[in-house]
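Comments concern the structure below.
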Amino acid sequence: MFDINKILRNNIKNLVPYSSARDEFKGEASIFLDANENAFGSPLNTDYNRYPDPLQYKVKKRLSEIKGVPPRNIFLGNGSDEAIDVIFRAFCNPGVDNVILVPPTYGMYEVSANINDIETRKVLLTEDYQLNLEGIAEAIDEGTKLIFICSPNNPTGNSINREDVETLLANFHGIVVVDEAYINYSRQKSFIQELTEYANLVVLQTLSKAWGLAALRVGMAFASEEIIEVMNKVKPPYNINEASQQLALEALNNIDTVNGWIRETLAQRDKLVLQLKNLEFVLDIYPSDANFILVKTTGAKDIYNFLVEQGIIVRDRSKVELCEGCLRITIGTPDENDKLIDALKNYK
Ligand SMILES: *Cc1c(COP(=O)(O)O)cnc(C)c1O
């Protein structure tokens with residue numbers, strides 16, 4: 001059975017969190033002389049002189065309606081990258097504990113582990129980009145606190161088999177982080193619905209991809225109330241700024257626009273796949289559940305450089321193990337995708 005106290009760092013268990021002026025007074029008042037803010041206002045058209053809500057209640061309430069999860073099960077980070085870092089700092093003792101990564105996958109897990117001085121144990125995905133459950137079981141020991149699974153996976157684009165993730169959730173005594181940054185594009189359903197089933201599950205999502213708000217830096221973690229409480233204790237008090245909170249709230253009311261873009265992106269993805277298949281230097285295109293495709297070519301570096309000369313930037317992933325010869329191409333607007341194909345037709 002999962003017991004949060006067995007995997008929490010001692011210093012975090014004993015931590016007295018920072019208490020802000022806004023934490024200490026809750027209620028109605030009209031004169032706020034408690035936080036050393038400038039009471040006159042901001043030298044802008046909008047006032048940002050007051051500190052933002054540390055627990056972002058309004059944004060969480062709206063997200064809660066959209067996702068069907070109570071606000072107490074939601075953590076907001078300055079991008080999901082902050083949520084990843086907070087999870088490391090809460091659960092992993094530097095120089096002592098370890099985590100399991102399953103490359104090829106999102107690079108931030110390893111960077112965050114390195115920053116926090118946490119050993120990474122890498123268990124490569126199989127040839128068809130699925131979990132090697134036996135390898136993972138062998139790599140786990142008493143010091144293993146976290147397993148990161150990205151589904152749909154970046155950079156391969158495929159979803160990870162659901163039963164395999166459930167096997168990990170059911171048998172691993174640490175936390176399984178399921179990063180669903182691309183879930184809006186996927187045919188698979190989110191793991192959010194499994195939160196009541198698995199106490200050791202953390203689901204990451206973000207407003208940076210399908211929601212079109214990468215510059216606002218708003219990421220989400222969904223987990224049990226006890227995990228969320230720990231994450232809130234560890235995060236910087238005002239981690240989501242007021243402008244981002246207001247704009248995120250506004251954007252969350254435009255869900256129809258976003259769903260329209262998702263449908264258009266999927267149609268464009270299918271079209272791009274068909275067009276790329278006709279090019280002789282394209283060896284393979286991997287099935288994608290995301291807004292990008294991984295394309296195996298006869299010469300990734302050369303094609304990358306050729307495109308750069310024409311002002312088109314894709315991602316060269318050819319140095320990544322199991323992605324030899326591969327470019328990762330994000331699906332753009334119809335016009336951008338046409339220009340990409342036109343450019344590639346002239347490559348030889
Ligand atoms: C883009 C991406 C994110 C998003 O990170 P943010 O910090 O929320 O912008 C998270 N995970 C994966 C796998 C990604 O590809």
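In listed order, ligands and their atoms are each counted from 1.
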For this session: Go through ligand 1 atom by atom and flag the ones less than 4.0 Å from a non-hydrogen atom of R217.
Result: 6 (P), 7 (O), 9 (O)
Exercise. Does at least one non-hydrogen atom of A214 fall below 4.0 angstrom from an atom of ligand 1?
Worked result: no
Problem set entry | Listed partners of D53 passing side chain to side chain contact (heavy atoms under 4.5 Å, CB included), at least two apart | L55, Y57, Q245
Problem set entry | Atom CZ of R50 with >12 non-hydrogen neighbours under 6.0 angstrom | yes
Exercise. Any idea which atoms of ligand 1 are less than 4.0 Å away from a heavy-atom of C150?
Worked result: 13 (C)
Exercise. Linking I/L/V/M/F/W/Y whenever their side-chain heavy atoms sit closer than 4.5 Å, directly or via other members, would L283 and L340 fall into one cluster?
Worked result: no
Problem set entry | Element-labelled atoms of ligand 1 that are located less than 4.0 Å from some non-hydrogen atom of K209 | 1 (C), 2 (C), 3 (C), 4 (C), 14 (C), 15 (O)
For this session: Please check if any side-chain donor atom of N239 sits under 3.5 Å from a side-chain acceptor atom of Q56, or the reverse.
Result: yes
Problem set entry | Test of ring centre spacing under 6.0 Å for Y182 and F292 | yes
Problem set entry | atom 11 (N) of ligand 1 - nearest protein heavy atom and its distance | D179 OD2, 2.7 Å
Seminar exercise, completed: A181 heavy atoms within 4.0 Å reach ligand 1 at atoms 2 (C), 3 (C), 10 (C), 11 (N), 12 (C), 14 (C)
Problem set entry | Hphob cluster co-occupancy, I140 + F91, side-chain heavy atoms under 4.5 angstrom | no
Exercise. Of all the non-hydrogen atoms in the protein, which one sits nearest to atom 4 (C) of ligand 1, and at what distance?
Worked result: S80 OG, 3.4 Å
For this session: Say whether D81, considering both its backbone and side-chain N or O atoms, lies within less than 3.5 Å of an N or O atom on ligand 1.
Result: yes
For this session: Go through the structure and list residues passing ring-ring contact (aromatic ring centres under 6.0 Å, His included) with F88, not counting sequence neighbours.
Result: F148
Exercise. Under 3.5 Å, is there a donor-acceptor pair linking the side chains of R217 and N241?
Worked result: no
Problem set entry | Atoms of ligand 1, numbered as shown, that sit under 4.0 Å from any heavy atom of N154 | 15 (O)
Exercise. Any idea which atoms of ligand 1 are less than 4.0 Å away from a heavy-atom of G79?
Worked result: 6 (P), 7 (O), 8 (O)
Exercise. With a cut-off of 4.0 Å, which atoms of ligand 1 are near a heavy atom of S208?
Worked result: 6 (P), 8 (O), 9 (O)
Exercise. Short N/O distance, under 3.5 Å, between Y182 and ligand 1?
Worked result: yes
